[in-house]
Amino acid sequence: MAQRLAISRAAVWKRIEALRREGYVISSSTGRGYRLMRSPDLLDADRIGGILRTGWLGRDLVVLSEVGSTNEAMMRLAREGKGKNGAVILAERQSEGRGRLSRPWASPEGGVWMSMILRPDLPLSELYRINMALSVAICRAIDSLFGLKLEIKWPNDLLVSERKICGILMEVMAQVDRLDCVVAGIGINANNDASAFPSEWHSTSLFSELGRPVDREELIAAILLEAEAALDGMLGPAIYEEWRRRSCTLHRRVRIASQSGDLEGTVVDLDRDGALLLKCNGEIRRVLAGDCIHLRPLSETRDESGAVESEVVKSGMVET
Ligand code: BT5
């Protein structure tokens with residue numbers, strides 16, 4: 001190696017030590033050299049760029065080792081008038097990852113924490129289409145790569161077997177009548193250990209579901225490719241229909257907690273603009289925003305004494 005690189009053996013050793021500090025496992029044997037045993041699971045923007053097949057989404061992509069929140073970093077760029085349509089920020093870790101209503105989003109190493117900036121020509125009333133397109137795209141990518149079926153829980157969660165594997169956070173910059181840009185944040189528990197999270201989060205990860213780590217770069221490239229196609233077609237009927245078909249909230253009994261109070265009822269349909277149609281007390285109500293709690297059907301939740309237990313199966317939330 002020293003000969004090939006025209007540097008001293010000590011200089012080779014110094015670089016090997018630097019790679020070891022980054023997490024590469026390298027064995028060495030006197031007189032024979034070094035051998036790469038294992039590479040760390042780190043994202044590399046150039047490698048992602050090399051496998052990315054998109055036209056406009058993710059063509060401008062950066063990977064940060066740590067940031068407060070990728071959404072906040074992207075919003076900051078947007079406030080400065082920067083951030084081209086389709087630019088993406090990824091981070092290995094977020095120290096202040098956030099969900100809706102400033103709820104914390106746990107973002108340790110191994111996950112996919114990603115934000116994209118979108119500048120679509122879209123009326124504000126159609127904003128939820130972006131959420132629909134991204135939800136469908138993530139389901140398609142994870143299904144085709146790993147054969148894992150995700151379900152969409154209204155309004156912004158993706159679940160595997162009733163456990164949250166992904167959350168989407170949309171933040172918007174707009175004038176009264178016109179959209180400036182949307183920053184869409186996607187958080188996926190990929191190789192991080194979701195069993196370390198509080199059990200009441202009902203979370204899981206690709207690692208737990210598949211029993212092995214996944215190639216996060218391949219996953220990111222696949223999601224961006226599906227997302228580009230879905231966003232390009234988000235106003236057509238196909239995305240809405242697939243989003244509705246993949247919903248696990250449709251036909252469920254739910255409780256919606258919103259600023260105007262709680263509502264309980266059965267979800268009879270999901271509308272094209274993302275609204276949930278809730279039948280409660282014989283009336284159909286349109287719900288555009290709120291935290292949605294799936295309730296078990298009453299027949300399943302009577303305990304031995306016959307008392308009705310309103311068991312929360314899982315909870316999630318969104319802001320529209
Ligand atoms: C969400 O909020 O589900 C949206 C999460 C978006 C995260 C991405 S990561 C990249 C980008 N940058 C950011 O700062 N955010 C975005 P919400 O529906 O409010 O759900 C939040 C709730 O989910 C929390 O209150 C916890 O109960 C739970 N939770 C927190 N971290 C989680 C995780 N890693 N996996 C599963 N559940 C989690």
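Order of listing sets the numbers, starting from 1, for every ligand and every atom in it.
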Ligand 1 contacted by Ala194 (non-hydrogen, < 4.0 Å): no

At less than 4.0 angstrom from any non-hydrogen atom of Ile168, what atoms of ligand 1 do you find? 4 (C)

Is there side-chain contact between Leu263 and Val287, with at least one heavy-atom pair below 4.5 Å? yes

Give the atoms of ligand 1, by number and element, whose distance to some non-hydrogen atom of Thr70 is under 4.0 Å. 10 (C), 11 (C), 12 (N)

Is the count of non-hydrogen atoms from other residues, nucleotides or ligands lying under 6.0 Å from Asp177 atom CG greater than 12? yes

Trp13 atom CH2, over 12 foreign heavy atoms within 6.0 Å: no

Report, in ascending order of atom number, the atoms of ligand 1 lying under 4.0 Å from any heavy atom of Arg98. 5 (C), 6 (C), 7 (C), 13 (C), 14 (O), 15 (N), 16 (C)

At the 4.0 Å heavy-atom cut-off, does Ser115 count as touching ligand 1? yes

Residue portion contacting ligand 1 (non-hydrogen atoms closer than 4.0 Å) for Leu101: neither

Report the part of Ile165 in contact with ligand 1, treating N, CA, C, O as backbone and CB onward as side chain, heavy atoms under 4.0 Å; options are side chain, backbone, both, neither. neither

With a 4.0 Å heavy-atom cut-off (strictly under), which part of Trp201 contacts ligand 1: side chain, backbone, both or neither? side chain

If you count the atoms of ligand 1 from 1 in the order shown, which ones are under 4.0 Å from a heavy atom of Phe197? 33 (C), 34 (N), 35 (N)

Members other than Trp113 in its cluster, when Ile, Leu, Val, Met, Phe, Trp, Tyr link by side-chain heavy atoms under 4.5 Å? Trp105

Look at atom CD of Glu17 and say whether more than 12 heavy atoms of other residues, nucleotides or ligands are closer to it than 6.0 Å. yes

Could you tell me which atoms of ligand 1, counted from 1 in the order shown, lie closer than 4.0 angstrom to a heavy atom of Ser203? 36 (C)

Arg285, Arg255, Arg252 screened by salt bridge (Lys or Arg N to Asp or Glu O under 4.0 Å) with Glu264, the one that passes: Arg255

For Asp157, take its heavy atoms, then give the atoms of ligand 1 lying under 4.0 Å from any of them. 3 (O), 18 (O)

Note, Ile152 side chain near Asp157 side chain (heavy atom, < 4.5 Å): no

Between the candidates Gly111, Ser69, Ala196, which shows the shortest non-hydrogen contact distance to atom 14 (O) of ligand 1? Ser69

Do any nitrogen or oxygen atoms of Ala106 lie less than 3.5 angstrom from nitrogen or oxygen atoms of ligand 1? yes

List ligand 1 atoms under 4.0 Å from Asn189, heavy atoms only on the residue side. 33 (C), 34 (N), 35 (N), 36 (C)

Asp44 side chain to Arg47 main-chain N or O, any donor-acceptor pair under 3.5 Å? yes

Backbone or side-chain N or O of Lys164 under 3.5 Å from ligand 1 N or O: yes

Pro198 near ligand 1 by a heavy-atom separation under 4.0 Å: no

Is the distance from the ring center of Trp243 to that of Tyr128 below 6.0 Å? yes

Under the rule for side chain to side chain contact (heavy atoms under 4.5 Å, CB included), what residues qualify as partners of Asp41, not counting sequence neighbours? Asn191, Arg216

Check whether any side-chain N or O of Thr266 sits under 3.5 Å from a backbone N or O of Val268 as a donor-acceptor pair, and report yes or no. no

Show the atoms of ligand 1 that are less than 4.0 angstrom away from any heavy atom in Met114. 10 (C)

